[in-house]
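None of the values given here were measured: they were computed from a predicted structure. Lettering of chains follows the sequences in order, A, B, ..., and the numbering in each one begins at 1.
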Number of protein chains: 2
Amino acid sequence: MTDDRWVPPPVLLTVDLVILTLRESRLQVLLVERGVEPYKGDLALPGGFLQHAEEDLITAAHRELSEEADLDVETLRLEQSGVYGAPGRDPRGRVVSVAYLAIAPRLPEPTAGTDAADARWQPVDHVLSGDLELAFDHRRIVEDGVERARVKLEHSALATAFCGPIFTITELQEVYEAVWGIPLDPRNFYRKVQKTDGFIIPAGSARKSATGRPARLFKAGRREVLYPPMVRPSESSNAKEQ
Amino acid sequence: MTDDRWVPPPVLLTVDLVILTLRESRLQVLLVERGVEPYKGDLALPGGFLQHAEEDLITAAHRELSEEADLDVETLRLEQSGVYGAPGRDPRGRVVSVAYLAIAPRLPEPTAGTDAADARWQPVDHVLSGDLELAFDHRRIVEDGVERARVKLEHSALATAFCGPIFTITELQEVYEAVWGIPLDPRNFYRKVQKTDGFIIPAGSARKSATGRPARLFKAGRREVLYPPMVRPSESSNAKEQ
DNA sequence: AGAATAGTGTCTCTGAGACATTATCGC
DNA sequence: GCGATAATGTCTCAGAGACACTATTCT
């Protein structure tokens, strides 16, 4: 099968970023309008080719993150979310894309970057429902990224990363509700979060809303892995396989 | 930052396979002795370069699987497990590897393939403990693959794939014990597995061991996602992040 | 006082863990 | 009968879900 003169086919590598945030109590994903062919003018995930042969994947992801959105790279956790390498996915040739997932607190409207004609937040439901068409196979990448975020919310303290440095329990609950897309009972949520040791740490008390009793403030604790995990209700009737 | 004449750097793509099975009640991984440089003579995961520019990743994984081990591809579930693309991981240049995880029932000693001087099963503990040196960053790939298998055992009916088409509950328990590396209570395991609807289906009754009461036989049910999940004990004291 | 939001308490049910007991085989 | 393995039952405790109540602010 392998010839003496055979050489492996080169491929081009891109990193694509699924940057999720919370705006107006909805889970939103950062999309850019492509400024170049192919799919020029269409919406797509921020990302791009590896810069040079020595660039690390995670480095490239961070570079694209700061290039295409004016975000503070330090505060963002970045994690690999999948590889997409189907032969026909990019008309420019054999392009394999490594997807990275980033979770961010409320962010400002991003400034347009170099490769992107425009960059803006879009609700993920619009993407998942298909109302919003994305270039390449980026819709699938968003789907996988969102599902990964949902699972991570169960088992890790990731939700605090969606909030600012100081937050109320209600705000934290809103994060879960937005990402999971379901309502939660405030009292059970309160109890669960409070008794999960090291999840959140008290940080004084202050007013938050215009009316009502002032909420206590918290900051993220040291615990990364939540055990027992936060449970997503009615998980009995789902099906999610590769 | 982007020059007019700039072109993205090409990379070489490999697929690496983490093939896990159960032999002698231990979790074992298929390793090959490399027949070519670099790392010639060292143990490594089966795998290799993309064959041609149009080959799908999963196709390449299946091809390597049948090339390097004489396994029935049909019965194996294959799933992406990670990407490994650190700049210095392969002396031949910029090589990015996509790892695939395969789970298999008891398998025979494999026959040596084309690229591999020798192929054989090795207990994963030997790899994880570092007693067994692996080429490239393959030890890390095995670590990630095993952890993924452990998690999948919790939330999916994957464990039945380790068994043959017909099995006893005790055999199924041995799968969990081998992969998780901990002993389980037979009575609680029995109860849990029985009441998880659609996990296993009765398939008659027959003798299994030389002595004692004959065990009932089962086959895999239709359910893929287990809810509530099988819980891995003492998960309270672990830490596992990217 | 009343509206609005934050925080606490209680009851019930499910499921996990620990462990004793019974059932069915070969000898 | 005995030894060995399979299967079932029981008790207890932790945690999730449902829901009523109290607390603290503002107007």
So which atom in B:E147 and which in B:R232 form the shortest heavy-atom distance, rounded to 0.1 Å? OE2-NH2, 3.5 Å
Would you tell me whether B:Y84 and B:D144 have side-chain atoms, one donor and one acceptor, within less than 3.5 Å of each other? yes
Under the salt bridge (Lys or Arg N to Asp or Glu O under 4.0 Å) rule, what pairs show up with a residue in residues 188-206 of chain A, not counting sequence neighbours? none
Taking C-beta and beyond as the side chain, do A:I58 and A:Y100 meet within less than 4.5 Å on heavy atoms? yes
Strand-adjacent residues in residues 170-178 of chain B, judged by heavy atoms under 4.0 Å from DNA chain D: B:T170
Spacing of A:Y227 atom OH relative to D:dA16 atom P, expressed in whole Å: 11 Å
Run the side-chain contact (heavy atoms from CB on, under 4.5 Å) test on A:R148 and A:L101 for me, step by step, so that the C-alpha distance in whole Å, both residues' side-chain angles and the decisive distance to 0.1 Å come before the verdict. CA-CA 9 Å; A:R148 192 182 193 83; A:L101 178 64; 4.1 Å; yes
Write down the distance between CG (B:D185) and P (D:dA7), rounded to a whole number of angstrom. 14 Å
Sort me out a list of protein N/O and nucleotides 23-26 of chain D N/O pairs below 3.5 Å, or just none if empty.
| residue | atom | partner | partner atom | Å |
| --- | --- | --- | --- | --- |
| D:dA23 | O4' | A:R213 | NH1 | 3.4 |
| D:dA23 | N3 | A:R213 | NH1 | 3.4 |
| D:dT24 | O2 | A:R213 | N | 3.3 |

Test of understanding: with ring pair (Phe, Tyr, Trp, His ring centres under 6.0 Å), list the residues that count as partners of B:F189, not counting sequence neighbours. B:Y176
Correct closest heavy-atom pair for A:L31 and A:P46 would be CA-CD, 4.4 Å
Is the closest basic N to carboxylate O distance between B:R150 and B:E154 below 4.0 Å? no
Would you mind checking if A:R26 and A:E177 are paired as a salt bridge, meaning a charged N to carboxylate O distance below 4.0 Å? no
Residues in salt bridge (Lys or Arg N to Asp or Glu O under 4.0 Å) contact with A:D185, at least two apart in sequence or another chain: A:R187
Interface residues of residues 186-204 of chain B with DNA chain D (non-hydrogen, below 4.0 angstrom): B:R187, B:Y190
